[in-house]
Amino acid sequence: MKSTLSWFSLFLSLTLLMAGCAGGGSESLSSGGDSAGGHSDVSSGFSSGPASQAGTKSEAPESPPEDAVSPGGDILSLEPGLSAVRFDGDYGFDVFLAQGGAASDGEVARYLAENLLENAGLDFVGRFFGCSTIAAISPSGDALFGRNFDWNACQAMVMEAHPTNGYASLSTVNMDFIAQGAGDKLDAALKLDTVRTLAALYAPLDGMNEAGLAVSVNMIQDSAVIRQDTGKPDLTTTTAVRLLLDKAASVGEALELLRQYDLHASMGMTIHFALADRTGRSAAVEYVDQEMTVIETPVLTNFYLAPGEKYGVGTRQSQERFAILTGLLAERETLSEADVRDALSRVSKGNFGEFESTEWSMVLNLAAKTARYYHRENYENSYLFKL
């Protein structure tokens with residue numbers, strides 16, 4: 001497997017070095033090639049293939065709104081704690097799936113280190129987090145999806161990915177979940193921008209693809225461990241998100257894909273997935289006694305929804321957030337994007353007097369393929385992205 005991608009690694013390294021080392025110098029993660037107010041359209045310095053995908057695009061892409069963020073191949077700082085980057089080309093995910101996937105975060109890290117970035121010394125770490133999601137229909141009929149990621153202060157990065165073989169997508173990564181250990185003395189830009197960008201591609205926590213599918217990971221505070229072992233290929237939580245963003249166009253397709261793999265929860269966390277698509281369908285996927293269960297629901301927080309003895313297991317506060325969001329949907333047939341933003345604000349962590357914050361909120365329009373991000377509960381300022 002290592003020899004299969006060695007040419008990719010070599011090409012990647014050489015291209016970066018010739019392109020000025022992807023940002024140059026010793027800039028930190030929160031720095032980047034452009035200022036926060038810019039709309040850079042710098043092409044990726046390490047593209048290894050066309051940005052379009054066969055069978056997924058029949059028309060020329062629409063021009064993004066003038067105020068949309070246009071990340072390039074260098075990590076772009078939007079504000080302290082929030083950045084964005086774009087990757088075009090092959091990041092080895094099909095090979096990752098073909099060799100059986102991974103049953104642990106360590107195996108994902110080893111795959112990256114051995115096949116894409118030799119001796120990079122990657123590791124994935126993390127603790128518990130809480131989240132809220134809501135799916136709704138806008139007055140004009142567009143499917144919307146809102147998501148809060150609750151955590152203590154972290155480095156968040158928006159990843160725009162254009163794979164050679166798959167749907168283009170936007171996803172969000174908590175870069176604190178990725179630790180970079182000592183490795184070969186590579187150029188500083190290669191070590192920071194490229195290693196972190198490639199690692200981030202394998203560590204999404206939520207996102208949307210150009211086909212109109214949204215996915216989010218929400219934690220459940222439970223001692224149970226998701227560790228399926230039926231002989232199928234393996235996926236971790238974050239690589240499952242990457243699979244769905246790359247390959248699924250609908251909730252139905254996402255469910256069929258998940259059934260083809262054994263899930264092993266990343267970082268030892270018990271989780272469930274929130275799914276939504278542009279048709280308006282929304283569902284949760286939970287794993288109870290190592291069995292995958294699907295619940296049709298527009299709202300998901302941090303407790304089990306599956307009927308049975310697990311129902312309701314989770315945090316008390318998450319049940320309060322769930323009640324707020326479901327109550328809102330019961331009152332309103334439709335929600336605008338501003339309404340979804342306001343709903344996320346109502347259930348953000350600042351309302352509950354806890355040490356965590358809502359590190360990012362996003363409002364996705366699955367028909368328009370736009371994502372509007374709000375950082376650290378500042379709902380007066382946003383960053384717009386468009387696929």
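Note: hydrogens, waters and symmetry copies are ignored here, and every other heavy atom, side chains too, is used.
- Two residues are said to be in side-chain contact when any heavy atoms from C-beta on lie closer than 4.5 Å; Leu263 and Ile271 meet this criterion.
- Between Trp360 and Asp206, the side chains place a donor N or O and an acceptor N or O closer than 3.5 Å (distance only, hydrogens not considered).
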query = Should Val251 and Val294 be marked as a side chain to side chain contact (heavy atoms under 4.5 Å, CB included) after you check the CA-CA gap, both sets of side-chain angles, and the distance that decides it?
reply = CA-CA 11 Å; Val251 170; Val294 179; over 6 Å; no
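- In this structure, Asn218 contributes its side chain and Thr301 its backbone to a donor-acceptor pair below 3.5 Å.
- Distance check: Tyr202 OH to Thr238 OG1 gives 10.5 Å after rounding to the nearest 0.5 Å.
- Listed for the Thr270 side chain is a donor-acceptor partner under 3.5 Å among the backbone atoms of Ala224.
- For the pair Ser171 (side chain) and Gly207 (backbone), a donor-acceptor distance under 3.5 Å is absent.
- To the nearest 0.5 angstrom, Leu243 atom CG is 8.0 Å from Gln260 atom CD.
- Not less than 6.0 angstrom separates the ring centroid of Tyr91 from the ring centroid of Phe96.
- Listed for the Thr197 side chain is no donor-acceptor partner under 3.5 Å among the backbone atoms of Thr194.
- Between the CE atom in Met208 and the CZ atom in Arg278 there is a gap of 10.5 Å [rounded to 0.5 Å].
- Cluster annotation: Ile137 and Val299 are assigned to distinct hydrophobic clusters (Ile/Leu/Val/Met/Phe/Trp/Tyr, side-chain heavy-atom contacts under 4.5 Å, transitive).
- A 4.5 Å side-chain heavy-atom check between Leu275 and Asp277 finds every atom pair outside the cut-off.
- Taking CG of Asp105 as the reference point, atom CZ of Arg110 lies at 10.5 Å (rounded to 0.5 Å).
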request  = For the pair Phe273 and Leu244, evaluate side chain to side chain contact (heavy atoms under 4.5 Å, CB included) and give the outcome as yes or no after the intermediate values.
outcome  = CA-CA 11 Å; Phe273 296 110; Leu244 301 185; 5.6 Å; no
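- Residues Val288 and Leu305 do not share a hydrophobic cluster, defined by chaining ILVMFWY side chains whose heavy atoms lie under 4.5 Å apart.
- Note on residues 279-301: pairs passing salt bridge (Lys or Arg N to Asp or Glu O under 4.0 Å), not counting sequence neighbours, are Arg281-Glu296.
- Listed for the Asp234 side chain is no donor-acceptor partner under 3.5 Å among the backbone atoms of Ser104.
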request  = Could you go through the side chain to side chain contact (heavy atoms under 4.5 Å, CB included) check for Met159 and Ser169 one step at a time?
outcome  = CA-CA 8 Å; Met159 166 64 67; Ser169 66; over 6 Å; no
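- Note that the OG1 atom of Thr133 and the CZ atom of Arg147 stand 7.5 Å from one another [nearest 0.5 Å].
- By the criterion of side-chain heavy atoms lying less than 4.5 angstrom apart, applied directly or through intervening Ile, Leu, Val, Met, Phe, Trp or Tyr residues, Leu344 is not grouped with Val215; the two fall into different hydrophobic clusters.
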Show me the donor-acceptor pairs within less than 3.5 Å that the side chains of residues 365-372 make with the rest of the protein, sequence neighbours left out.
unit_1: Asn365; atom_1: OD1; unit_2: Ala367; atom_2: N; d: 3.0
unit_1: Asn365; atom_1: OD1; unit_2: Ala368; atom_2: N; d: 2.8
unit_1: Asn365; atom_1: ND2; unit_2: Asp142; atom_2: OD2; d: 3.2
unit_1: Asn365; atom_1: ND2; unit_2: Glu337; atom_2: OE2; d: 3.0
unit_1: Arg372; atom_1: NH1; unit_2: Ser382; atom_2: OG; d: 2.8

request  = Show your reasoning for whether side chain to side chain contact (heavy atoms under 4.5 Å, CB included) applies to Leu97 and Tyr261.
outcome  = CA-CA 10 Å; Leu97 295 175; Tyr261 292 85; 3.8 Å; yes
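- Looking at Phe149 and Thr172, their side chains never come closer than 4.5 Å, going by heavy atoms from C-beta outward.
- For the atom pair Leu205 CG and Ser216 OG, the distance stands at 8.0 Å (nearest 0.5 Å).
- Of the possible polar contacts, one joining the Gln290 side chain to the Val225 backbone as a donor-acceptor pair under 3.5 Å is found.
- Within the 4.5 Å cutoff, the side chain of Gln221 has no heavy atoms near those of the Asn302 side chain.
- A search for side chain to side chain donor-acceptor pair (under 3.5 Å) contacts involving Ser138 returns Ser140, not counting sequence neighbours.
- Applying the side chain to side chain contact (heavy atoms under 4.5 Å, CB included) rule to Gln319 yields the partners Phe303; only residues at least two apart in sequence or on another chain are considered.
- For the ring-ring contact (aromatic ring centres under 6.0 Å, His included) test, residues two or more places apart in sequence or in another chain that qualify with Tyr379 are Tyr374.
- For the side chain to side chain donor-acceptor pair (under 3.5 Å) test, residues two or more places apart in sequence or in another chain that qualify with Ser318 are Thr315.
- A salt bridge does not link Lys386 to Asp67: none of the charged nitrogens lies less than 4.0 Å from a carboxylate oxygen.
- By the ring-ring contact (aromatic ring centres under 6.0 Å, His included) test, Tyr373 pairs with Phe385, sequence neighbours left out.
- No option in Asp94, Asn209, Leu213 other than Asp94 meets the side-chain contact (heavy atoms from CB on, under 4.5 Å) test with Lys247.
- Between the side chain of Tyr383 and the main chain of Leu78, a donor-acceptor pair closer than 3.5 Å is present.
- Linking Ile, Leu, Val, Met, Phe, Trp and Tyr residues whenever their side-chain heavy atoms come within less than 4.5 Å places Phe145 and Leu170 in a single cluster.
- Leu335 places a side-chain heavy atom less than 4.5 Å from the side chain of Ile134.
- Closest non-hydrogen pair, Ala240 versus Leu235, comes out as CA-CD1, 3.9 Å.
- Screening residues 358-368 for salt bridge (Lys or Arg N to Asp or Glu O under 4.0 Å) gives Glu359-Arg376 as the qualifying pairs, with residues at least two apart or on separate chains.
- Ile324 and Val340 fall within the same hydrophobic cluster, defined by Ile, Leu, Val, Met, Phe, Trp and Tyr side-chain heavy atoms under 4.5 Å apart, directly or through other members.
- Not a single side chain to side chain donor-acceptor pair (under 3.5 Å) links Thr334 to another residue, sequence neighbours left out.
- Checked against side chain to side chain contact (heavy atoms under 4.5 Å, CB included), Ser336 has the following partners two or more places apart in sequence or in another chain: Pro139, Ala338, Asp339.
- A heavy-atom distance below 4.5 Å is found between the side chains of Tyr287 and Leu258.
- Here salt bridge (Lys or Arg N to Asp or Glu O under 4.0 Å) pairs that include residues 313-322, with residues two or more places apart or in two chains, number zero.
- Between Leu255 and Met292, some side-chain heavy-atom pair lies under the 4.5 Å cut-off.
- The closest donor-acceptor contact from the side chain of Glu210 to the backbone of Ala168 lies under 3.5 Å.
- Sorted by first then second residue, the side-chain hydrogen bond (donor to acceptor under 3.5 Å, both in side chains) pairs that include residues 223-233, not counting sequence neighbours, are Thr230-Asp262.
- Proximity of a side-chain donor or acceptor of Thr326 to a complementary backbone N or O of Phe322 within less than 3.5 Å is detected.
- Cys131 has its side chain out of reach of Asn148: every pair of non-hydrogen atoms, C-beta onward, lies at least 4.5 Å apart.
- Checked by atom type and distance alone, the side chain of Glu377 pairs as donor or acceptor with a backbone atom of Thr358 at under 3.5 Å.
- Of all heavy-atom pairs between Thr293 and Ala306, the closest is CG2-CB, 4.0 Å.
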